[in-house]
Amino acid sequence: MADTFPALHDYHLVPTDLEALRPAFSKHKPRILILYGSLREVSYSRLLAHEVRRLLERLDCDVRVFDPKGLPLPDEAPVSHPKVQELRELSQWSEGQVWVSPERHGAMTGIMKSQIDWIPLSVGSVRPTQGKTLAVMEVSGGSQSFNAVNQMRVLGRWMRMITVPNQSSVAKAFQEFDAEGRMKPSSYYDRVVDVCEELVKFTLLTRDASSYLTDRYSERKEEASKLEQRVNLKSI
């Protein structure tokens with residue numbers, strides 16, 4: 001019995017398709033959406049978000065930065081609210097995302113979480129974030145911490161995103177930007193560049209195969225069961 005699988009629906013367990021893992025690369029620039037988690041007039045997460053934007057554009061990406069000002073709290077307004085629609089359309093447009101949050105009280109900010117909460121897990125049968133790449137970054141006012149990036153990794157997994165291994169945590173962020181809002185040379189800056197490079201590589205590598213990479217045995221089995229029920233109902 002060791003080599004049998006009584007719980008397995010064998011028909012829905014398919015061999016790995018090597019050709020599906022190596023589709024032809026799309027030629028358009030990687031589409032990246034950046035979210036940041038602060039509304040402060042002097043916002044280091046916003047400054048870092050735009051530093052990332054410049055780097056990604058330098059790496060030949062098409063980049064959009066969402067401004068969270070005016071976005072209502074989740075459930076405070078209908079999904080038809082213009083800022084909610086803007087966020088959802090940008091998320092749908094994107095092939096990869098960067099989430100940049102301050103750390104506040106040992107966690108990401110409510111502003112950051114609200115943006116993620118407005119992005120739906122599903123629209124009809126489509127999961128808007130499934131298979132998209134994600135990079136996570138945080139800024140803090142004190143010593144280096146990884147609480148916010150770790151939380152965002154959990155959310156990225158929940159949103160079924162491909163979160164790149166590298167990440168950035170900028171400690172004492174008030175010391176890391178000059179008067180023009182540009183990030184100063186440092187090991188923190190080097191890590192930001194590392195993360196941007198990695199995000200672009202993973203996005204190029206996975207975007208054309210994302211639907212195959214996120215195809216699941218359990219969902220194939222569930223869909224087959226629903227189809228069988230519909231066919232049986234029609235035959236009554």
Side-chain angles (χ1 to χ4, degrees), residues 30 32-59 61 63-69 71 87 91 94 96-119 129 132-203 205-206:
I32 308 296
L33 169 63
I34 303 176
L35 306 180
Y36 62 89
S38 173
L39 297 176
R40 289 179 174 177
E41 184 176 349
V42 179
S43 166
Y44 295 106
S45 64
R46 183 171 62 246
L47 292 179
L48 180 55
H50 282 285
E51 198 69 42
V52 169
R53 173 186 59 78
R54 295 181 189 98
L55 285 166
L56 290 173
E57 289 174 344
R58 175 68 175 78
L59 291 167
C61 293
V63 188
R64 304 285 186 273
V65 181
F66 177 73
D67 181 357
K69 187 175 183 180
L71 182 72
L87 174 59
S91 181
S94 69
Q97 297 186 15
V98 183
W99 296 351
V100 186
S101 179
E103 181 172 315
R104 187 172 298 166
H105 300 308
M108 80 181 80
T109 61
I111 294 162
M112 189 75 235
K113 183 61 161 57
S114 291
Q115 292 174 83
I116 298 168
D117 285 346
W118 271 121
I119 300 173
T129 52
K132 298 180 188 293
T133 52
L134 172 66
V136 293
M137 302 184 182
E138 72 168 83
V139 296
S140 57
S143 58
Q144 191 172 44
S145 171
F146 300 94
N147 291 322
V149 288
N150 287 339
Q151 285 185 323
M152 289 187 286
R153 281 189 177 278
V154 170
L155 287 170
R157 183 173 70 245
W158 191 257
M159 303 295 279
R160 297 187 174 183
M161 303 178 80
I162 302 168
T163 309
V164 303
N166 218 332
Q167 61 189 25
S168 169
S169 174
V170 181
K172 297 182 179 178
F174 60 90
Q175 297 179 348
E176 298 303 321
F177 293 86
D178 63 23
E180 283 71 46
R182 299 303 304 272
M183 198 168 181
K184 300 175 184 176
S186 69
S187 60
Y188 293 133
Y189 178 79
D190 293 345
R191 178 58 66 89
V192 170
V193 179
D194 288 347
V195 176
C196 289
E197 281 189 331
E198 195 166 283
L199 176 67
V200 174
K201 291 174 185 176
F202 271 78
T203 303
L205 186 65
T206 63

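A side-chain contact (heavy atoms from CB on, under 4.5 Å) with Val136 holds for exactly one of Asn150, Val98, Val149, Val100; it is Val149. Applying side-chain hydrogen bond (donor to acceptor under 3.5 Å, both in side chains) to Ser91 and the options Arg64, Gln97, Gln115 leaves one that passes, Gln97. If you run side-chain contact (heavy atoms from CB on, under 4.5 Å) between Pro30 and each of Thr203, Thr133, Val63, only Thr203 comes through.
With contacts defined as side-chain heavy-atom distances shorter than 4.5 Å, the pair Asn166/Phe202 does not qualify. Met108 places a side-chain heavy atom less than 4.5 Å from the side chain of Leu155. Taking the side chain as every heavy atom from C-beta outward, Trp99 and Ile116 approach each other to under 4.5 Å. Between Leu33 and Lys132 the shortest side-chain heavy-atom distance does not fall below 4.5 Å. Leu56 is listed as a side-chain neighbour of Ile34, based on a closest heavy-atom distance under 4.5 Å. Taking the side chain as every heavy atom from C-beta outward, Val192 and Tyr188 never approach each other to under 4.5 Å. Looking only at side-chain heavy atoms (C-beta outward), Gln167 and Met152 stay at 4.5 Å or farther from each other. Looking at Leu35 and Pro68, their side chains never come closer than 4.5 Å, going by heavy atoms from C-beta outward.
To the nearest 0.5 Å, atom CD of residue Glu103 and atom CE of residue Met112 are 14.0 Å apart. Here the straight-line distance linking atom OH of Tyr44 with atom CE of Met183 works out to 12.0 Å at 0.5 Å rounding. Here the straight-line distance linking atom SG of Cys196 with atom CZ of Arg58 works out to 12.5 Å at 0.5 Å rounding.
Between Arg53 and Glu57 a salt bridge is recorded (basic side-chain N to carboxylate O distance below 4.0 Å). Under the 4.0 Å criterion applied to side-chain N and carboxylate O atoms, Glu51 and Arg54 are assigned as salt-bridge partners. Taking a cutoff of 4.0 Å between a charged side-chain nitrogen and a carboxylate oxygen, Asp117 and Lys113 qualify as a salt bridge.
In plain terms, the two heavy atoms of Leu48 and Glu138 that are nearest each other are CD2-O, 4.4 Å. Closest approach of Ser45 and Val139 over heavy atoms only: N-CG2, 3.8 Å. Here the shortest heavy-atom pairing between Ala171 and Glu176 reads O-CG, 3.8 Å. Nearest approach of Ser101 to Thr109, heavy atoms of both residues: OG-N, 3.3 Å. Of all heavy-atom pairs between Tyr36 and Ile111, the closest is O-CG2, 4.5 Å. The shortest heavy-atom contact between Leu199 and Val164 is CA-CG1, 4.0 Å.
Arg46 contributes a side-chain N or O that, together with a main-chain N or O of Arg40, makes up a donor-acceptor pair within less than 3.5 Å. In this structure, the side chain of Lys184 does not engage the main chain of Asp178 through any donor-acceptor pair within 3.5 Å. Ser168 contributes no side-chain N or O that, together with a main-chain N or O of Arg191, makes up a donor-acceptor pair within less than 3.5 Å.
Heavy-atom contacts from other residues, nucleotides or ligands closer than 6.0 Å to NZ of Lys69 number 12 or fewer.
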